[in-house]
Amino acid sequence: MVAQSLDLVHQHSMVSTRSAEKNLESKVAVANGGDRAAAGRKSGELKGSPMPRRSSARIRALQKAEEEELLARKKAEEVEEKKKCQDEVTVVKGKKRRRKSGGEESVVAEEEAVTSPKKKPAACRKENGNEEPENGVSLAACSNGKVEENGKEESGNVGGGLGEKSDVLKVKETIRLFNKHYLQLVQEEEKRCGKAEAERKAAKNGSKKASKSKKGVLPEDSKNTAKRPDLKAISKMMQNNEILYPVKRIGDIPGIEVGYQFYSRAEMVAVGFHSHWLNGIDFMGQSYAKEYDYELPIAVAIVLSGMYEDDLDNAEEVVYTGQGGHNLTGDKRQIRDQKLERGNLALKNCSDQGLPVRVVRGHESSSSYTGKVYTYDGLYKVVHHWAEKGLSGFTVYKFRLKRLEGQPILTTNQVYFTNGRVPQSLTEIRGLVCEDITGGEEDIPIPVTNLVDDPPIPPTGFKYCKSNKVAKNVKLPLTVTGCKCKGICNDPTTCACALRNGSDFPYVSRDGGRLVEAKDIVFECGPECGCGPGCVNRTSQKGLRYRLEVFKTAKKGWAVRSWDFIPSGAPVCEYTGILGRTEDMDSVLENNYIFEIDCLQTIKGLGGRERRSQDGEVPANLLDKYDQSSESMPEFCIDAGSTGNIARFINHCCEPNLFVQCVLSTHHDLRLARVMLFAADNIPPLQELTYDYGYALDSVLDSNGKIKQMPCYCGASDCRKRLF
DNA sequence: CCAGGTCAGGTGTAT
DNA sequence: ACACCTGACCTGGGA
């Protein structure tokens, strides 16, 4: 019990004394108990205190984050929102809330119409947060986190005032939007290619085996390969007016701090940081003559990617080769003289007029889905320029750039981006206290490190279990019949499982399966399906894919990070434990590892989460079989207190990089859906993995009906300061 | 198997 | 009309 309560502490990111926390916890548990008693009496009518438990409220917070984002986007005046906070609190307590997805949802106009009456939480959060005193703390925590020991939070959000936070969030949202378009376009391409394949098969009628090898069919269809979904995604964003900063700017871009890492050139375009996905030099042409008095063109941003043979990079000082005369192929050769025009002229003008240029460095890196990372290294000034004969004997223009002073220090890490300090073997791991906490259950071992405690101790008091254990009084529904596909499912028009998902597979095959966007519910193929284990529609069933590590933090107890890059939409892990009845769980005081399966409530719009997909996505007959009582609150939950997997170590964060997704595969009972955690963003190695526990502020009441509060120390730049 | 080669791809800018 | 050079696939040489 003692060990367990120690474990508990980390889960809620608490910093104060343990005994205090423990007290708090028990009170909360009591509140839960009271609530449950009410429900147990014969629920349906939802009396007693409103639902304090974790999962039911989980995504509310995300919703708030998104709404805040929306708000910030539409209006700058957040301050006046404060007053409305009270109303929101009432709304929350009245338990009728809408949820926003784990971040995959776009911030589109129509969304606003739906949620606009409830845009207050943004301000609500601020007010409740009591910024002044706590902000300092969180900043400190934040920079601590940035020192990589705790896994860094987000390269771009180091310190900063209020306005800056929302800028960081804007950037984050824009990148998420980009990723969403990207995955949707990947899906389109995969579909198209699959169709082309099928047609070719049909054309060849009998000879199936021939079509299996790509070579045999290539000459016919050049469209066999996917076409730059990244470029398509930014085109789409331009059409939709979703580029964050569509007008070029001189100097820093709000929300992009020095050290910020882009994972592709297209991401820079999406943000408006660099408006070409191809050009090295982004400059303002004559069209900017009305706004600026400078001699145009002027350069605003350049990308150093080692493409030019004559480049020289000494970190603080760079010699950049102008554009032109390049043979445009992979061998990086100059084949012509460069001229003082376009980008070259723009850099010269910057030099003459003393204007700063944003510098981005491209690096080879395994920590990116493209194998490349682009780091913003700050503002530089062009101190000198000249023309000379380059290595290949042609005239090249050279620009000596010097980094402006007063900017964050360039670390070697940023200049020569490597995998951080990811250990290559067990012997390299510092503070190792357990080689594999899974005890061999998972395909990939999960080491545990502890550089905080003295002596270092591993986590105790639980048993690792990679899949759910079903409590005695819970009966899993019968296995449903599956699809008739053979081998792998690839035709969404015939695969029964795809049809349940709204006539599409929820996943793309790329990178071993990525969820295109957060959905109310994902139907995967199951044991009765005709397809094999390699089917993309079994993405969440394939076990761990990334090398995870449990590590001890100074303030938040245990935490989890990955040594590998995790692309957005990739499955990270399931949340497992004992699958039991919510009412039984509540009798276990102080158990803080309970995850309610609130999928049904979400879909019905009754719980804390907001709908993710459009109406009609979930087959109506699926919802019919549940009676009123099961709607009012989650009937089942997962208790990872004594038995669980890696997910039980993942901390809460108000600005998380994972989101929760319910998945059905063997049966179709929403109340017993599996709970999966997916990457909401592209996650670089060693960044702590977090998801939003989703308590709504002021939704937790103690036994006297008074609002309970618990501080949050996640350290995110827009932390709500309270877990509930 | 990996390194190097190949080529399509979309926008801004100048002609 | 064209420069811009990335990203992902393809190919061929080495292990």
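What you are looking at is a predicted structure, and each value in this text was computed from that prediction instead of being measured. Protein chains get the first letters and strands the later ones, always in sequence-line order, with residue 1 at the start of each.
For A/E549, the salt bridge (Lys or Arg N to Asp or Glu O under 4.0 Å) test picks out A/R561, with sequence neighbours left out. Remark: A/K232 engages A/E189 in a salt bridge (Lys or Arg N to Asp or Glu O under 4.0 Å) (not counting sequence neighbours). Residues satisfying the salt bridge (Lys or Arg N to Asp or Glu O under 4.0 Å) test with A/D491, not counting sequence neighbours, are none. Looking at residues two or more places apart in sequence or on another chain, you find a side-chain contact (heavy atoms from CB on, under 4.5 Å) between A/I335 and A/N327. Considering only residues two or more places apart in sequence or on other chains, A/A266 meets the side-chain contact (heavy atoms from CB on, under 4.5 Å) condition with A/F178, A/D230, A/I234, A/S264. Annotation: side-chain contact (heavy atoms from CB on, under 4.5 Å) contacts of A/P445 (sequence neighbours excluded): A/D436. Listed by chain and residue number, A/L296 satisfy the side-chain contact (heavy atoms from CB on, under 4.5 Å) test with A/A289 (two or more places apart in sequence, or in another chain). For A/T539, there are no side chain to side chain donor-acceptor pair (under 3.5 Å) partners two or more places apart in sequence or in a different chain.
Pairs engaging residues 339-351 of chain A under the side-chain hydrogen bond (donor to acceptor under 3.5 Å, both in side chains) rule: A/K348-A/D352 [sequence neighbours left out].
Across the protein-nucleic acid pair, A/M238 atom CE and B/dG9 atom P stand 17 Å apart, rounded to whole Å. One atom, NZ of A/K232, and another, P of B/dG10, lie 6 Å apart when rounded to the nearest Å. The distance from atom CD of A/E189 to atom P of C/dG7 is 17 Å, rounded to the nearest whole Å. Rounded to an integer number of Å, the gap from A/L347 CG to B/dT13 C1' is 16 Å. Here the P atom of nucleotide C/dG7 and the CG atom of A/D511 are 14 Å apart, to the nearest Å. Between the CG atom of A/L231 and the P atom of C/dC4 there is a distance of 18 Å, rounded to whole Å. With rounding to whole Å, A/K372 atom NZ is found 16 Å from C/dC9 atom C1'. Distance, A/I234 CD1 to C/dC5 C1': 13 Å, rounded to whole Å.
Every stem involving DNA chain C, taken as at least 3 paired positions in a row under the Watson-Crick or G-U wobble test at 3.5 Å, is listed here: B:1-8 with C:6-13, B:10-13 with C:1-4.
Here B/dG12 is the nucleotide among B/dG12, C/dC9, C/dT6 with the atom lying nearest to any side-chain atom of A/R342.
When heavy atoms are screened at a 4.0 angstrom cut-off, A/K248 is found touching the sugar-phosphate backbone but no base atom.
OP1 or OP2 of C/dA8 sits under 4.0 Å from a side-chain N or O of A/Y182. Taking side-chain N and O atoms only, A/R510 has a distance below 4.0 Å to OP1 or OP2 of C/dA8. Close to C/dG7, at under 4.0 Å from its OP1 or OP2, lies no side-chain N or O of A/R228. At B/dT11, one or more side-chain N or O atoms of A/S235 fall inside 4.0 Å of OP1 or OP2 (strictly under the cut-off). A sub-4.0 Å separation between OP1 or OP2 of B/dA14 and a side-chain N or O of A/K339 is absent.
One side chain, A/E524 or A/S540, offers a donor N or O that lies under 3.5 Å from an acceptor on the other.
Against DNA chain C, the stretch residues 283-302 of chain A makes no heavy-atom approach under 4.0 Å. Within residues 269-280 of chain A, the residues approaching DNA chain C are A/W277, A/L278, A/N279, A/G280, by heavy-atom distance under 4.0 Å.
The aromatic ring centres of A/F565 and A/Y263 sit less than 6.0 Å apart.
The aromatic rings of A/F273 and A/Y376 stand perpendicular to each other, their planes meeting at an angle above 60°, with 30° marking the opposite boundary.
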